[in-house]
Asker: 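The structure's right below; bear with me while I get my questions together.
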Amino acid sequence: MTVSFILSSLARLYPDAQCALLFRNPFELLIATILAAQATDKSVNKITPELFRKYPTPADFLPLSPEELEASIRTIGLYKNKARHILATCTLLVSRFGGEVPADRASLESLPGVGRKTANVVLSNAFGVPAIAVDTHVFRVANRLGLAQAATVLETERQLMGNIPEEQWTIAHHWLITHGRQVCHARKPACSSCDLHPVCADYHKKTEE
DNA sequence: AACTCGGGGCA
DNA sequence: TGCCCAGAGTT
């Protein structure tokens, strides 16, 4: 079947696919993912080791003023929102969740700066809960390949969950995002060097014209 | 649906 | 120099 061929091809292409953000526990991944909104994973990984060395737990962030945290994360951009969201999230983690990162979607999405994509990243990578985090890469690649035919991120996620075995949800996210970053680019997809174009819906559509 | 946050990385 | 970056909140 086409879907299983696509999945097995991606597995062969990206055997080492994994989370691009450095983290040692759910809290570090949560903060790193908030920081990663519209920033590169390399930029985030550059500042988080020092950040978590100085502030290892949610409680350690509480004494910080917004200005102090902004200064620490300035080099990745969009730092004002991120600093505000991180401080508010740490306050909630301490006051409502006993200083721990909650492991359910509703609680995660109640945290400032945490949307569905970030919640899925934390659930799947830090807690082992099967989930598919749909960002712009996954949305684009999944719809091009034909793993989804959806106009929205949420509908793409639902279709992927229906088309992919649950035990592969987490790794499928890493396969698709890696393929999007390395081959299936937004502007100029490298179809000529892509092993998947024989089964790619978008490639067939383009070549028929 | 459109707008805002944003300095750094990289061609 | 110009474009993009593992998004989310507000209006």
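Proteins get letters first, then strands, A, B, ... in listed order; numbering begins at 1 in each. Because the structure is predicted, anything quoted here is derived from the model rather than measured.
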Asker: So A/Q18, base contact, sugar-phosphate only, or nothing? Heavy-atom distance under 4.0 Å.
Answerer: base

Asker: Need one value for A/H173: base, sugar-phosphate or nothing, where a base atom within 4.0 Å counts as base even if backbone is also close, heavy atoms only.
Answerer: base

Asker: Rounded to the Å, how far apart are A/L108 CG and C/dG7 P?
Answerer: 17 Å

Asker: Given atom CG of A/L111 and atom C1' of C/dA8, what is their separation to the nearest angstrom?
Answerer: 13 Å

Asker: What contact category does A/V114 fall into here, base, sugar-phosphate, or nothing, at under 4.0 angstrom with non-hydrogen atoms?
Answerer: sugar-phosphate

Asker: What heavy-atom pair brings A/E100 and A/L93 nearest, and what distance separates the two atoms?
Answerer: O-CD2, 3.5 Å

Asker: Report yes if a side-chain nitrogen or oxygen of A/R84 is closer than 4.0 Å to either non-bridging phosphate oxygen (OP1 or OP2) of C/dA8; otherwise report no.
Answerer: no

Asker: Starting at CG of A/L154 and ending at P of C/dG7, how long is that distance when rounded to a whole Å?
Answerer: 17 Å

Asker: In this structure, how many angstroms lie between the C1' atom of C/dT10 and the CG atom of A/N81, rounded?
Answerer: 10 Å

Asker: Please give, in whole Å, the distance from B/dG6 P to A/L69 CG?
Answerer: 12 Å

Asker: Given the C1' atoms of C/dG2 and B/dG6, what is the spacing between them in whole Å?
Answerer: 15 Å

Asker: Looking only at heavy atoms, what is the nearest atom pair of A/R140 and A/H185, with distance?
Answerer: NE-C, 3.6 Å

Asker: Return yes when atom CD of A/Q149 has more than 12 non-hydrogen atoms of other residues, nucleotides or ligands closer than 6.0 Å, and no otherwise.
Answerer: no

Asker: Could you check whether atom CD of A/E155 has more than 12 heavy atoms from other residues, nucleotides or ligands sitting under 6.0 Å from it?
Answerer: yes

Asker: Between A/D41 and A/G113, which is nearer to the 5' end of DNA chain C once each is assigned its nearest nucleotide?
Answerer: A/D41

Asker: Can you name the atoms? Protein N/O to nucleotides 7-11 of chain B N/O, anything below 3.5 Å, with the distance.
Answerer:
residue	atom	partner	partner atom	Å
B/dG8	O4'	A/T75	O	3.4
B/dG9	OP1	A/K46	NZ	3.0

Asker: For the residue pair A/H179 / A/Y14, report whether a side-chain donor-acceptor contact shorter than 3.5 Å exists.
Answerer: yes

Asker: Hey, is the side chain of A/K80 poking within less than 4.0 Å of OP1 or OP2 on B/dG6, counting only N and O atoms?
Answerer: yes

Asker: Say you draw a straight line from CD1 of A/I76 to CG of A/L35; how long is it, rounded to the nearest 0.5 Å?
Answerer: 4.5 Å

Asker: Give the rounded distance in Å between these two atoms: CG of A/L30 and P of C/dA8.
Answerer: 11 Å

Asker: Heavy atoms only, 4.0 Å cut-off, all strands: where does A/T118 land among base, sugar-phosphate and nothing?
Answerer: sugar-phosphate

Asker: Where does the angle between the aromatic ring planes of A/F27 and A/F61 fall among parallel (under 30°), tilted (30 to 60°) and perpendicular (over 60°)?
Answerer: perpendicular

Asker: In whole angstrom, give the distance that lies between atom CD1 of A/I47 and atom P of B/dG6.
Answerer: 13 Å

Asker: Between A/R187 and A/A36, who's closer to the 5' end of DNA chain C by nearest nucleotide?
Answerer: A/R187

Asker: My understanding is that only residues two or more places apart in sequence, or in another chain, count here; which of them pass side-chain contact (heavy atoms from CB on, under 4.5 Å) with A/T156?
Answerer: A/V134, A/F139, A/A142, A/N143, A/A148, A/A150, A/L160

Asker: Could you tell me the separation between the CD1 atom of A/I34 and the C1' atom of C/dG9, rounded to a whole number of Å?
Answerer: 13 Å

Asker: Looking across every strand, which nucleic acid part, if any, lies under 4.0 Å from A/H185 by heavy atom: base, sugar-phosphate, or nothing?
Answerer: nothing

